[in-house]
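Letters go in sequence order (proteins before strands), and every chain restarts at 1. Treat the numbers as computed from the prediction; the structure is a model and nothing was measured.
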Amino acid sequence: MNPELQRPKGTQDILPPESWRYDKMRRLALDIAQQYGFNLIETPIFEQTSVFLRVGEATDIVQHERYSFIDAGGVNLTLRPEGTAAVARAYIQNGLYNWPKPLKLVYWGPMFRRERPQAERYRQHTQFGAELYGSESPTADAEIILLACRVVDRVGLENPEVRINSIGCAVCRPRYRQALVEYYAGRREELCQDCQNRMEKNPLRLLDCKIDVAIRQTAPDLADYWCDDCRAHIESVMDQVGGAGRSIRRDPYLVRGLDYYTRTVFEVGHPSLGAATALFGGGRYDGLSGQFDGPSAPAVGFGMGIERMLSAVGNRLQPEPASVVYIAHLPGFENQAQLLGEQLRNVGLATECDLLNRSLKAQLREAGKTARFTVIAGGYEWEQNLVQVKDFTERSQESVAVPDLAGYLLNQLRNPEQNSDGGANL
RNA sequence: GUGGAUGUAGCUCAGCUGGUUAGAGCACCAGGUUGUGGCCCUGGGGGUCGGGGGUUCAAGUCCCCUCAUUCACCCCA
């Protein structure tokens with residue numbers, strides 16, 4: 001195929017049955033969000049570039065990986081690389097700080113980052129995320145983590161293991177940062193090239209270097225620098241999440257890339273993920289909304305990578321069977337079959353007809369792949385207002401009067417002793 | 001942005017050191033049953049061997065370039 005006509009690098013066409021898994025995942029996530037009292041918010045998939053520059057100037061996501069363009073009106077726009085900044089913008093612009101507190105929002109949609117694709121990392125990927133505004137309490141952090149864990153658990157990835165850390169607040173973090181830089185400065189010669197850069201740009205990220213692991217082992221620990229409030233905060237979060245039966249442990253080297261976090265940061269990984277570190281990750285960002293010319297509000301949230309979730313879940317999340325009834329027809333009865341199909345769809349039965357004028361044999365073969373019941377319309381039975389109904393799971397067949405067909409099928413489906421194990425998977 | 005691997009049918013792949021019309025399994029279609037699926041049997045459609053250039057009497061096979069995919073680093077969901 002002509003390279004110019006191929007899909008852009010790092011994007012994907014999601015084909016059935018995978019497409020149904022995506023859909024199921026979305027319904028499941030939103031369902032659980034509702035159970036926690038979260039409300040759905042939709043924001044544009046592009047924002048003015050300043051929105052993202054405002055919150056993440058030092059991060060790679062907005063520094064090197066931006067999809068930006070100037071539109072015909074000369075406005076500088078950027079495809080959103082993450083959800084938090086966009087929701088924060090919407091929070092201020094719509095005056096949501098005046099809504100009853102706390103404000104609990106979830107979002108679902110595509111995110112864009114121009115990076116080199118690799119395992120479970122795409123230039124367009126889907127994130128499900130939550131943002132909880134207006135509460136400084138550790139119960140808010142805990143609820144965010146518990147919500148995300150429940151989604152992970154519900155799709156079949158049992159026992160998500162939460163790694164958590166506190167990167168401190170405006171009081172204690174600067175003290176720690178200074179101690180850390182002093183420690184690493186004494187060993188500058190031993191550091192890898194990336195870490196030399198990290199010392200200038202974002203010293204905290206020295207801690208998650210995969211090469212210089214030996215050096216960090218004797219580095220100062222954040223926990224020794226936490227102020228009383230920060231210490232009490234993370235301990236309370238861990239108590240709640242652990243008390244709810246989730247496994248959670250402190251990871252002293254966990255520091256997240258986005259630099260708007262305060263106190264809590266957390267991640268959940270999965271063994272099947274390889275180089276991709278996290279199924280979901282997030283933290284607290286009390287100062288963020290204040291950067292949008294509005295009142296500052298405490299907030300905590302997470303983002304969850306749906307492609308990674310589905311990859312880790314594998315086939316444990318099965319799409320619903322496609323079709324329940326197939327209407328086959330004898331030669332010359334294709335129109336009647338389609339009309340019969342509409343009658344069954346009227347009562348909610350998933351129904352397919354032959355659209356290719358194929359032989360009865362071919363129609364039955366097709367039906368056997370997707371349907372539980374096959375109706376055969378036409379011939380001499382049709383003259384007597386009858387159709388043949390085959391039940392593939394029972395290997396049975398009987399004549400049913402056309403006016404009774406819908407009722408008959410509904411009644412068969414309601415019968416509990418019959419289970420549809422008969423090849424009805426998409 | 002840096003480094004490695006791989007591109008043969010819709011899918012998974014075979015094709016020995018270059019040598020006739022490039023194969024298999026699965027999938028798809030038809031027939032075996034002019035009105036009854038699955039299993040079985042028979043047949044069929046499908047390929048610019050990613051693209052371009054080069055070496056050679058001869059290239060899927062060797063060389064160069066390019067594109068795509070993939071894995072890792074950086075970073076992240």
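- Considering only side-chain N and O atoms, R358(A) lies nowhere under 4.0 angstrom from the phosphate OP1 or OP2 of A30(B).
- Closest contact between the side chain of R365(A) and the listed nucleotides C76(B), C29(B), A72(B) involves C29(B).
- Stacking of H64(A) onto the six-membered ring of G1(B) is not present when judged by under 5.5 angstrom between centres and under 30° between planes.
- Residue-level contact check: L279(A) touches the backbone only, with heavy atoms under 4.0 Å from sugar-phosphate atoms and none from bases.
- In this model, a donor atom of one side chain and an acceptor atom of the other lie less than 3.5 Å apart for D141(A) and T264(A).
- Residue R113(A) places a side-chain atom within donor-acceptor reach of the base of A77(B), judged by atom type and a 3.5 Å distance cut-off alone.
- G1(B) and G53(B): their P atoms are spaced 28 Å apart (whole Å).
- Comparing the P positions of U66(B) and C41(B) gives an interatomic distance of 50 Å, to the nearest angstrom.
- In this structure, E366(A) pairs ionically with R358(A), as a charged nitrogen and a carboxylate oxygen lie closer than 4.0 Å.
- Residue whose closest nucleotide on RNA chain B sits further toward the 5' end, between A362(A) and G305(A): A362(A).
- D391(A) has its CG atom 16 Å from the P atom of G37(B), to the nearest Å.
- Using a 4.0 Å heavy-atom criterion, one finds that R395(A) contacts the bases of the nucleic acid, with or without backbone contacts as well.
- Under the 4.5 Å side-chain criterion, counting only non-hydrogen atoms from C-beta, Q35(A) is in contact with R150(A).
- A close approach under 4.0 Å does not occur between any side-chain nitrogen or oxygen of Q118(A) and OP1 or OP2 of U70(B).
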Q. Between Y67(A) and R114(A), is a side-chain hydrogen bond (donor to acceptor under 3.5 Å, both in side chains) present by the stated rule, with each step listed?
A. CA-CA 6 Å; Y67(A) 271 110; R114(A) 197 190 178 288; 4.6 Å; no
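- U6(B) and G10(B): their P atoms are spaced 23 Å apart (whole Å).
- A27(B) sits 26 Å from A22(B) when the P atoms are compared, rounded to a whole Å.
- Note: CD (E307(A)) to P (U70(B)) measures 13 Å, nearest angstrom.
- Judged by distance alone, with hydrogens and angles left aside, E267(A) brings no side-chain donor or acceptor close enough to the base of A77(B) to form a pair under 3.5 Å.
- Using a 3.5 Å distance cut-off with no hydrogens or angles, the side chains of Q127(A) and E82(A) do not pair a donor with an acceptor.
- Closest approach to the A278(A) side chain among G31(B), A77(B), G37(B) is made by A77(B) (side chain taken as heavy atoms from C-beta onward).
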At a cut-off of 3.5 Å, list every protein nitrogen or oxygen paired with a nitrogen or oxygen from nucleotides 2-5 of chain B, distance to 0.1 Å.
| residue | atom | partner | partner atom | Å |
| --- | --- | --- | --- | --- |
| U2(B) | O4 | R116(A) | NH1 | 3.2 |
| U2(B) | O4 | R116(A) | NH2 | 3.2 |
| G3(B) | O6 | R116(A) | NH2 | 3.2 |

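- In this structure, CG of D194(A) is placed 14 Å from C1' of C76(B), rounded to the nearest angstrom.
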Q.
Go through it in stages, so that I can follow the logic: the residues are V255(A) and V265(A), the test is side-chain contact (heavy atoms from CB on, under 4.5 Å), and I'd like the CA-CA distance, side-chain angles, deciding distance and then a yes or no.
A. CA-CA 7 Å; V255(A) 288; V265(A) 293; 5.8 Å; no
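- Of the candidates R21(A), R26(A), R27(A), D23(A) forms a salt bridge (charged side-chain N to carboxylate O under 4.0 Å, His left out) with just one, namely R27(A).
- Taking atom P in both G23(B) and G35(B), one finds a spacing of 38 Å when rounded to whole Å.
- A salt bridge is absent between D251(A) and R249(A): the closest approach of a Lys/Arg side-chain nitrogen to an acidic carboxylate oxygen does not fall below 4.0 angstrom.
- Within 4.0 Å (heavy atoms only), Y122(A) reaches at least one base atom of the nucleic acid.
- Nearest to the side chain of R256(A), among C29(B), A77(B), C75(B), sits A77(B).
- A close approach under 4.0 Å does occur between a side-chain nitrogen or oxygen of K9(A) and OP1 or OP2 of U69(B).
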Output a table of nitrogen or oxygen pairs between the protein and nucleotides 34-36 of chain B separated by less than 3.5 Å.
| residue | atom | partner | partner atom | Å |
| --- | --- | --- | --- | --- |
| G35(B) | O6 | Y380(A) | N | 3.1 |
| G35(B) | N1 | E381(A) | OE1 | 2.8 |
| G35(B) | N2 | E381(A) | OE1 | 3.2 |
| G35(B) | N2 | E381(A) | OE2 | 2.6 |
| U36(B) | O2 | K390(A) | NZ | 3.0 |
| U36(B) | O2 | Q397(A) | OE1 | 3.2 |
| U36(B) | N3 | Q397(A) | OE1 | 3.4 |
| U36(B) | N3 | Q397(A) | NE2 | 3.0 |
| U36(B) | O4 | Q397(A) | NE2 | 3.2 |

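- For the pair L15(A) CG and G10(B) C1', the computed distance is 11 Å after rounding to whole Å.
- Considering only the side chain of S359(A), G31(B) comes nearest among G31(B), A77(B), C71(B).
- For the strand RNA chain B, secondary-structure stems (runs of at least three Watson-Crick or G-U pairs, all distances below 3.5 Å) span B:1-7 with B:67-73, B:10-13 with B:23-26, B:28-32 with B:40-44, B:50-54 with B:62-66.
- At a threshold of 4.5 Å between non-hydrogen side-chain atoms, the residues Y133(A) and V87(A) count as touching.
- Atom CD of E352(A) and atom C1' of G37(B) are 15 Å apart (whole Å).
- Atom pair I61(A):CD1 and C76(B):P shows a separation of 6 Å (rounding to whole Å applied).
- Taking atom P on both G46(B) and G4(B), the two are 42 Å apart, rounded to the nearest angstrom.
- Ion pairing of R250(A) with D221(A) is present here, as a side-chain N (NZ or NE/NH1/NH2) and a carboxylate O approach within less than 4.0 Å.
- A salt bridge links E143(A) to K104(A): at least one charged side-chain nitrogen sits closer than 4.0 Å to a carboxylate oxygen.
- The side chain of D60(A) lies closest to C75(B) when the candidates are C76(B), U69(B), C75(B).
- Under a 4.0 Å N-O distance rule, the pair D153(A)/R246(A) qualifies as a salt bridge.
- Residues T78(A) and E47(A) have side chains that never bring a donor and an acceptor to within less than 3.5 angstrom of each other.
- Here the side chains of L310(A) and L317(A) are in contact, with some heavy-atom distance below 4.5 Å.
- When the P atom is used for both U17(B) and G60(B), the distance is 15 Å, rounded to whole Å.
- Going from atom CG of N197(A) over to atom C1' of G1(B) covers 13 Å, rounded to whole Å.
- Atom C1' of G37(B) sits at a distance of 16 Å from the matching atom of A30(B), rounded to the whole Å.
- One atom, CD of Q124(A), and another, P of A77(B), lie 16 Å apart when rounded to the nearest Å.
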